[in-house]
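To start, the structure under review is shown below, and the notes come after it.
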Amino acid sequence: MADTKTDGATDYRATLNLPDTPFPMRGDLPKREPGWVKEWHDEGRYQRLRDARHGAPKFILHDGPPYANGQIHMGHAVNKILKDMITKARQLEGYDALYVPGWDCHGLPIENAIEKKYGRNLSRDEMQAKSRAYATEQIAQQMVDFQRLGVLGEWDHPYKTMDFANEAGELRAFKRVIERGFVYRGLKPVYWCFDCGSSLAEFEIEYADKKSQTLDVAFKAHDPAKLAAAFGLPSLAKDAFAVIWTTTAWTIPANQAINLNPELDYALVDTERGLLVLAASLVEMCMNRYALDGTVLATVKGEKLGGLEFEHPLYDVNAGFRRLSPVYLADYATADDGTGLVHSSPAYGLDDFNSCVAHGLSYDDILNPVQGNGSYAPDFPLFGGQNIWKAVPVIIQALRDAGRLMTTEAISHSYPHCWRHKTPVIYRAAAQWFIRMDEGEGVFTKDKAPKTLRQTALEAIEQTTFYPENGKARLHDMIANRPDWCISRQRSWGVPIPFFLHKDSGELHPRTMEILDQAAAIVEQGGIEAWSRVTTEEILGAEDAPHYTKSTDILEVWFDSGSTFWHVLRGTHPNVHHETGPEADLYLEGHDQHRGWFHSSLLIACALEGRAPYRGLLTHGFTVDSQGRKMSKSLGNGIDPQEVNKKLGAEITRLWVAASDYSGDIAGDDKILARVVDAYRRIRNTLRFLLANTSDFDIAKDAVPLDQLLEIDRYALARAAEFQAEILAHYKVYEFHPVVAKLQVYCSEDLGAFYLDVLKDRLYTTAPGSHARRSAQTALWHITQAMLRWMAPFLSFTAEEAWKFCGDGRSIFVQTYSDLGTPDAALLARWTRIREIRDAVNKEIETVRTAGQVGSSLQANVAIAAAADDHALLASLADDLKFVLITSAVTLAAGDALSIQVTASAATKCERCWHWRDDVGHDAAHPGLCGRCTSNLYGAGEQRTLA
């Protein structure tokens, strides 16, 4: 090296190998990320990754489709980033990690959006056309936002449930479910939303508090003598009443029976308001509620009361209610609350329906006065045309006037609500199409499944791996206890149920299975709109057409998304599937999807294939603020992904997601993101140091063979190999927050506080091409290569940016994890103890420094006394011990235990390396340099052996 002069003095700083790199200290992410996103898209980076992995084992994460409605929120961002991190981690593992993003496009929310804009009087054709256009706009908007997050996927060919091929594929899947014997038509109470104007599935229900009026209502005994006999009495001296308790006053007008438990004791209680039949254990509670005194005349088991008849409470008020309510025996009547007697309106309760039908009530005789819009039929007695909720006080007054209301009070209780409209729903009997969970006959069964759908689904759950494991019990319980699946909806924007029903018998056309194929072919060419335009005569011919009605029902939207594995992973994206077994390795969604997409996908796959469509299920929590409140616009506590992108960069969102334990709710706010920014800076600064100190290093020309590296460099690589094994074990089971936490510790402690700290002297002061420096650079190069791969799944922008300075010109995701070999356990143990002793030395130096006796650690002379093992360990480092401790001089002595003494050096500080040495000025030509610096600059160079 040549001297440089500054004001007559030598500028030794210019003789140092100071780090230098064009990799900037500041990420400037908000400004630079959009350019990288464009670059990835323009060069077709996702396809390049596919080409690089052609023929490799596949890893398939099937996308649970977000709904094509509205701008993405932070929950969407969390979901897509998690999926992206997993596919990228598997890609680096060597898999052909395929990811086809998708969208759920049919359904009520889009219809609602169209109705708000254009009104409710649109024709079916208009609704479908406007819905398709609207969904297309929403997808384009959401796609831009997802790509902005750094998510790699098949964006040029995503799947949409409204694609013609997918709509047709869904019809073919539906046909196969029919062939397997699972589909039937039945009249059953199903959840019904008045705002939707349609039935709802279990998946579409959420529970919230609702205020209701409880009613205790008296039903007069129609034949007192039979009631007396049942209680073992000769006669009754007063009118007698069966008293029911309900929270749904609106169902009383449609009452058709009373249910009692055959095993419960029932009492006949004498009161001033007549003789009352009540559960024996509830008599005292009821008397208090009614403010009556009562005497129990007799007690019998419920089974003795079966078949007795009581008069409807409005029997004497209007001829329309002059009917009797028989007593049916049913286990679901309990004495937990109320009166122990349950009034039964079979159209509005599943237990009521099953009980009444089991006791011989025909479907045609079931009263169902509540219309789809929430009002009683116009001709219904007393309450015709009234909305059922608004009619409650009218009903209560009618019962009071009739002398049949014992008492009423307001309560707040948990009640099912529509998860879209947040409004109360009811059970309402309707002729619907169902998928059967248990034994029974289906329509047009051709290839009957060997087991029930419930049995098959529960077995499939046992074959599925859950992340976290508690998801297994949750899904199992839902499948074990769910009713049959109502799959028909009375809307326009959805995949049709292409059935033709006989106008008199209600039977399906005998060519139904052929018609399903025909419908699928029509839809594949022109979408669901093409089927809507088809006339009955075009399909059935002139002879049959007058006798049949074309169904206008659609398949519910969960059938859309639940069947996507069938037509997306096998049809529209033929390369994205496993040849055998479940089509996808992983489904990943929020934990609410145990009752949604996970659930419907499982049922459809089990119906079609007898197994689940996935090998693993991963669930994540919701996004909440730092106080644990769910993010919402109304609370104003949300963090918007678009705003974070503009202010901090999507990389910060990605790091936040990776650093969060997604198995629970994911907390985020400005303060939390600020801490994430700090973590990002620390990682970036470490990366910059690595790049800067290898900027003049060419692995092909300058590398030192690994077995010839200095010992501390070999240790650093052994530690990196050990650390990589930990990282990959976490990635294997989709854990990211331990990776982020450990990577930060690795950067700050393994690298920053130890290895890089020790290395600086050798990197900066030895000759540029010396063995000592090239050994260090070889280790740093391997660590940099490995570290970029570790962080690439979550810090994708930064990893790709840095890779341009040390990579092979291709994407980092074309690479696989570095081969760092098997960690040398003995070497790791040796240096672990050295580091422990070094920490103890640093603690003593800090004490002396705080007292003002030394400046930096290089000014310190350290005297160490150590027991035999530690003494031998430290002695083995010879003269390099001082470099490990970053002191200018170390003396070592034997002792009983480790003791450390620190004193200030009396030597002179070298102007170049800043070590305090007695040989500073030994060369008159360079009076400010120590002996090793003159050797490194003008001589043979110092010899390093270990550090």
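Since we're looking at a predicted model, the values are computed, not measured. The chain is numbered in sequence order, starting from 1.
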For the residue pair His76 / Asp145, report whether a side-chain donor-acceptor contact shorter than 3.5 Å exists.
no

Do side-chain atoms of Ser199 reach the backbone of Ser488 as a donor and acceptor pair under 3.5 angstrom?
yes

Indicate the atoms forming the closest heavy-atom contact of Tyr680 with Gly27, along with that distance.
OH-CA, 4.4 Å

With a 4.5 Å cut-off on side-chain heavy atoms, are Arg654 and Met85 touching?
yes

Checking Thr465 side chain against Gly616 main chain: does a donor-acceptor pair fall under 3.5 Å?
no

Which one of Tyr614, Trp597, Tyr99, Phe598 satisfies the ring-ring contact (aromatic ring centres under 6.0 Å, His included) criterion with His62?
Trp597

Can you find a pair of side-chain heavy atoms, one from His737 and one from Ser660, that are under 4.5 Å apart?
no

Aromatic rings Trp558 and Trp419: how do their planes relate, parallel, tilted or perpendicular, breaks at 30° and 60°?
tilted

Please tell me whether Arg615 and Thr464 have a donor and an acceptor in their side chains that are separated by less than 3.5 angstrom.
no

Are the side chains of Asp669 and Gln627 in touch, meaning some heavy atoms are under 4.5 Å apart?
no

Inter-residue atom distance Met787.CE - Leu687.CG, 0.5 Å rounding
5.5 Å

Can a donor-acceptor pair be found, under 3.5 Å and without considering hydrogens, that links the side chain of Asn166 to the backbone of Lys160?
yes

Judged by atom type as modelled, is there a donor-acceptor pair below 3.5 Å linking the side chain of Asp585 to the main-chain atoms of Leu61?
no

Decide side chain to side chain contact (heavy atoms under 4.5 Å, CB included) for Met478 and Arg474; before the verdict, give the C-alpha distance in whole Å, the side-chain angles of both, and the deciding distance to 0.1 Å.
CA-CA 6 Å; Met478 288 181 175; Arg474 187 174 184 186; 3.8 Å; yes

Donor-acceptor contact below 3.5 Å, side chain Tyr46 vs main chain Trp40:
no

I'd like to know if the side chain of Glu800 pairs up with that of Ser811 as donor and acceptor (distance under 3.5 Å, no hydrogens or angles considered).
yes

Distance only, no hydrogens: is a donor on one side chain within 3.5 Å (strictly under) of an acceptor on the other, for Thr247 and Tyr415?
no

Counting only N and O atoms by type, is there a donor-acceptor contact under 3.5 Å from the side chain of Tyr159 to the main-chain atoms of Asp63?
yes

Taking atom types as modelled and ignoring hydrogens, do the side chains of Lys83 and Asn79 form a donor-acceptor contact shorter than 3.5 angstrom?
yes

Answer with yes or no whether the side chains of Ser796 and Lys88 bring together a donor and an acceptor at under 3.5 Å.
yes

Close side-chain approach of Glu170 to Asp560, heavy-atom, < 4.5 Å:
yes

